Structure formats: structure tokens, C-alpha cells
Amino acid sequence: MLSYFLPFTRYPYKGTPVKCPVCSSDRHAKISGWDRKLKRLETHICDECGLFFHHPMPTDDELAAYYASVYRLEYQFLRRRPSASHQRRKTEEAERRVDRIATVADLSQPRRILDVGCGSGEVVRAFAARGHEAHGIEPGTDFADHAASDLPENAKIHGGGLQGELFPDAHFDVIVCMHVIEHLNRPLEAVSLMRQWLAPGGVMMLEVPDMYGYKTKGFDRFHFAHTLGFTRENFLLLLQKCGLAPLNAPNSTSVLAVASDDPRATHPPVDLAAKTAMMRKAYQTGSPFSAHLKRHLGRLGRILRHEIGSKS
């Protein structure tokens, strides 16, 4: 555990060399050797689509071990169970997500819902409370146990990662996957499997951090938990390769998507080359160390305030 926190050291993983996890190009180059905790972490940028990714890439077993027992503490400073403030914040987020999905999906009748990476289960509970059959997948054992506690009969939590045998094809009317894909090592396989589970006419809600949208750019935007770093352009490329398309032309990496052949689908043009050149320049220039320090002192302050608030 300590090795995940000590600065100026490498993370405890070996990994394996990979091609670009989105476009499969073998043309990529190192753009950073450090991360936001001043630990040694090599990040590459793809010359073709501009994706950021760890190189070498953590293996399935290495990621499974990390998410099962280390992730919540190392990444979010959370204990074995979510704090009260964490649950309040996630409950509010869940209600907003359900309301957003309701603008594009008919939820007037009971539907089948899946939340991939459901965390402490707030989205699952929100859908179940509205009468839908709600399922969640969560790899973290403690959070999966918490999410599964006191669930209504129309909800279920599945511990572990994405597995093809979990559900039949075309099973879900709505699939939610918020801030999960950036944690994976094989995004094409994961999103393709979710597409396989989506029923005809179904809607997917997907979101990843936008590496272009950050005000400051540089090594302090990289960290072990985020194996991938997206822009709008390469995120849309990922969806396209998995048989999905946005309902409208998004200006960020937050997307409501349907099957590519759905009559509601849109196919906005993207300029991968231009955005790749822009991102390479921005991240090679990087943010000054003072900006890095200020941002993380602010993050530490927010964590302490949440901890104090959860005990009051």
C-alpha cells in the first residue's frame, strides 16, 4: 500500500507494452515520466488519435488487485466504506443523471437499467426507486458489499469486473457508465460488450474526463488510476469503433449515445490530427509546478472539509 503513496518512486506494477488502446496504432511516444503525486509514471500520446495512455499498460491482474483493495484509499482518500458526505454527493449526482436520461429515454414504463462501475450504488437505487429493474457492476469489494446492502427486490449488485456471461445480449434499455472507461486497459472490448448488452432503441450515458478541458495541462493531470486520457475526438472514435454514436454533437466527453444505426444517431465530424497536435503541444509545455502545488493543496483542503463534514 505504501508504495502507491511514496513520491519519486515507481508504482508497483510491471505492465506490458501496448499499441494505442483506441485506434491500435503503434505510433506513439512518451509525453511524461511523472504523475500528479510526483511518482514515476510513463505516459504516452498516440500520434494518430491523441489518446494518452500508460506505457507499459497495467495487466488485467494488476488492475484487478488495485481496484479490489487500493483504489478508493489511494485515489479518493475514502475508507473501506463511503463517507456520509460521499453518499450525499453521489445521491444528488444520481438524481441528476436519471433526470438527464429521462429527457431522451421513455422511462414511463419499467425498464432494465445497468450502471457499470456503480460505486456505492446510488444510481442503481435511484432507478430502482422509480420502479425499474436496476443492476450495478462494481469491482471494489468493499463498495460492492455496501452497494448491495438493503437493496429493494428490483435491484442487484454484481461484484467484479465486466464479464460477457453476466447478461444476455440486448438485455438493457439504459446503460450508464460514468468515469469508468478511463480506468480500463482495453476500452474497445469493454464498450463493445456494453453495446452488446444494449437493447434495440436503448440509450447509453457515457462520460470520461476531458483532457482538453482542463485549465492547466501537464504531468499533474496524469495518475495511475486513469490508464487512459481522452479528448472529445478520440472518445467519439472509440464509440464509433464499438458501434455507437451520439444523440447530438457533444462539445465534451459527456455523451448520450445510441447504436450507430439508430435513426436518432448523429455522426459529427472530428479532426483527430489537429486535436492531437494541439494536445501534444499543450502537455509538453505543461503546467508550472506552482500551479500543480496550488491545485493539490486545494484538493487536500476539500478532502479535509468533507471528512470534517461527514463527522459533524
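Basis for what follows: all heavy atoms, side chains included, without hydrogens, waters or symmetry-related copies. On a predicted model such as this, the values are computed, not experimentally measured, just so you know.
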Engineer: Say you draw a straight line from CD1 of Ile113 to CZ of Arg130; how long is it, rounded to the nearest 0.5 Å?
Structural biologist: 10.5 Å
Engineer: State which residues pass salt bridge (charged side-chain N to carboxylate O under 4.0 Å, His left out) with Asp210; sequence neighbours excluded, sorted by chain then number.
Structural biologist: none
Engineer: Tell me whether the count of non-hydrogen atoms from other residues, nucleotides or ligands lying under 6.0 Å of NZ in Lys19 goes above 12.
Structural biologist: no
Engineer: Taking NZ, NE, NH1 and NH2 as the nitrogens, is one of them in Lys39 or Asp220 under 4.0 Å from a carboxylate oxygen of the other?
Structural biologist: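 Asp220 and Lys39: not salt-bridged.
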Engineer: Determine, stepwise, if the pair Leu244 / Val258 fulfils side-chain contact (heavy atoms from CB on, under 4.5 Å).
Structural biologist: CA-CA 6 Å; Leu244 295 165; Val258 293; over 6 Å; no
Engineer: If I compare all heavy atoms of Leu272 with all of Cys49, which pair ends up nearest, and what's the gap?
Structural biologist: CD2-O, 3.8 Å
Engineer: Measure the shortest side-chain to side-chain distance between Val191 and Lys241 over non-hydrogen atoms and say whether it is less than 4.5 angstrom.
Structural biologist: no
Engineer: Check Pro268 against Leu236 and note the closest heavy-atom contact, atom names and distance.
Structural biologist: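 The pair with the smallest heavy-atom distance is CG-CD1, 4.0 Å.
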Engineer: Just how far is it from atom OG1 of Thr253 to atom CG of Leu238, taken to the nearest 0.5 Å?
Structural biologist: 11.5 Å
Engineer: Verify side-chain contact (heavy atoms from CB on, under 4.5 Å) between Leu237 and Cys23, making sure each step is shown before the conclusion.
Structural biologist: CA-CA 8 Å; Leu237 176 64; Cys23 74; 4.1 Å; yes
Engineer: As a quick check of understanding, evaluate side-chain contact (heavy atoms from CB on, under 4.5 Å) for Thr227 and Met57, giving each step before the final call.
Structural biologist: CA-CA 7 Å; Thr227 55; Met57 179 65 72; 3.9 Å; yes
Engineer: According to side-chain hydrogen bond (donor to acceptor under 3.5 Å, both in side chains), does anything in residues 44-53 pair up with another residue at least two apart or in another chain? List the pairs.
Structural biologist: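 Residue pairs passing side-chain hydrogen bond (donor to acceptor under 3.5 Å, both in side chains), neighbours aside: Arg27-Glu48, His28-His44, Glu42-His44, Asp47-Arg280.
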Engineer: What I'd like to find out is whether the side chain of Pro187 reaches to under 4.5 Å of the side chain of Leu228, using heavy atoms alone.
Structural biologist: yes
Engineer: Between Tyr212 and Phe230, does the ring centroid distance fall short of 6.0 Å?
Structural biologist: no
Engineer: Which atom names give the shortest non-hydrogen contact between His226 and Pro209, and what distance separates them?
Structural biologist: CE1-CG, 3.6 Å
Engineer: Does Arg221 qualify as a cation-pi partner of Tyr214, given the criterion of NZ or CZ under 6.0 Å from the six-membered ring centre and within 45 degrees of its axis?
Structural biologist: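 Yes, a cation-pi geometry.
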Engineer: Say you draw a straight line from CG of Asp271 to CE of Met278; how long is it, rounded to the nearest 0.5 Å?
Structural biologist: 8.5 Å
Engineer: Do Lys37 and Asp35 meet the salt-bridge criterion of a basic N to acidic O distance under 4.0 Å?
Structural biologist: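 Answer for the salt bridge query: no.
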Engineer: For Tyr283 and Phe52, run ring pair (Phe, Tyr, Trp, His ring centres under 6.0 Å): C-alpha distance rounded to whole Å, both residues' side-chain angles, the deciding distance at 0.1 Å, then the answer.
Structural biologist: CA-CA 10 Å; Tyr283 276 80; Phe52 295 115; 4.7 Å; yes
Engineer: Taking the ring of Phe224 and the ring of Tyr13, is the distance between their centroids below 6.0 Å?
Structural biologist: yes
Engineer: So, are Glu122 and Arg125 salt-bridged, with charged N and O less than 4.0 Å apart?
Structural biologist: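 Here Glu122 does not pair with Arg125 in a salt bridge, since their nearest N and O are not under 4.0 Å apart.
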Engineer: Should Asp60 and Arg186 count as an ion pair when the cut-off is N to O under 4.0 Å?
Structural biologist: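 Result for this pair is yes, salt bridge flagged.
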Engineer: Is the gap between the ring centers of Tyr4 and Tyr66 under 6.0 Å?
Structural biologist: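 Close enough - the centres of the two rings lie under 6.0 Å apart.
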Engineer: Side chains of Thr59 and Asp61: any donor to acceptor distance under 3.5 Å?
Structural biologist: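 Distance-only check fails for Asp61 and Thr59.
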Engineer: When you compare the side chain of Asp115 with that of Arg97, does any pair of heavy atoms fall below 4.5 Å?
Structural biologist: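 Contact flag for Arg97/Asp115 side chains = no.
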Engineer: Side chains of Val22 and Phe53: does their closest heavy-atom pair fall under 4.5 Å?
Structural biologist: no
Engineer: Would you say Asp150 has more than 12 foreign heavy atoms packed within less than 6.0 Å of its CG?
Structural biologist: no
Engineer: How would you list all residue pairs meeting side-chain hydrogen bond (donor to acceptor under 3.5 Å, both in side chains) that involve residues 158-170, not counting sequence neighbours?
Structural biologist: His135-His158, Asp169-Gln196
Engineer: Could you measure the distance from the CE atom of Met279 to the CD1 atom of Ile45? Nearest 0.5 Å is fine.
Structural biologist: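 That separation rounds to 6.5 Å.
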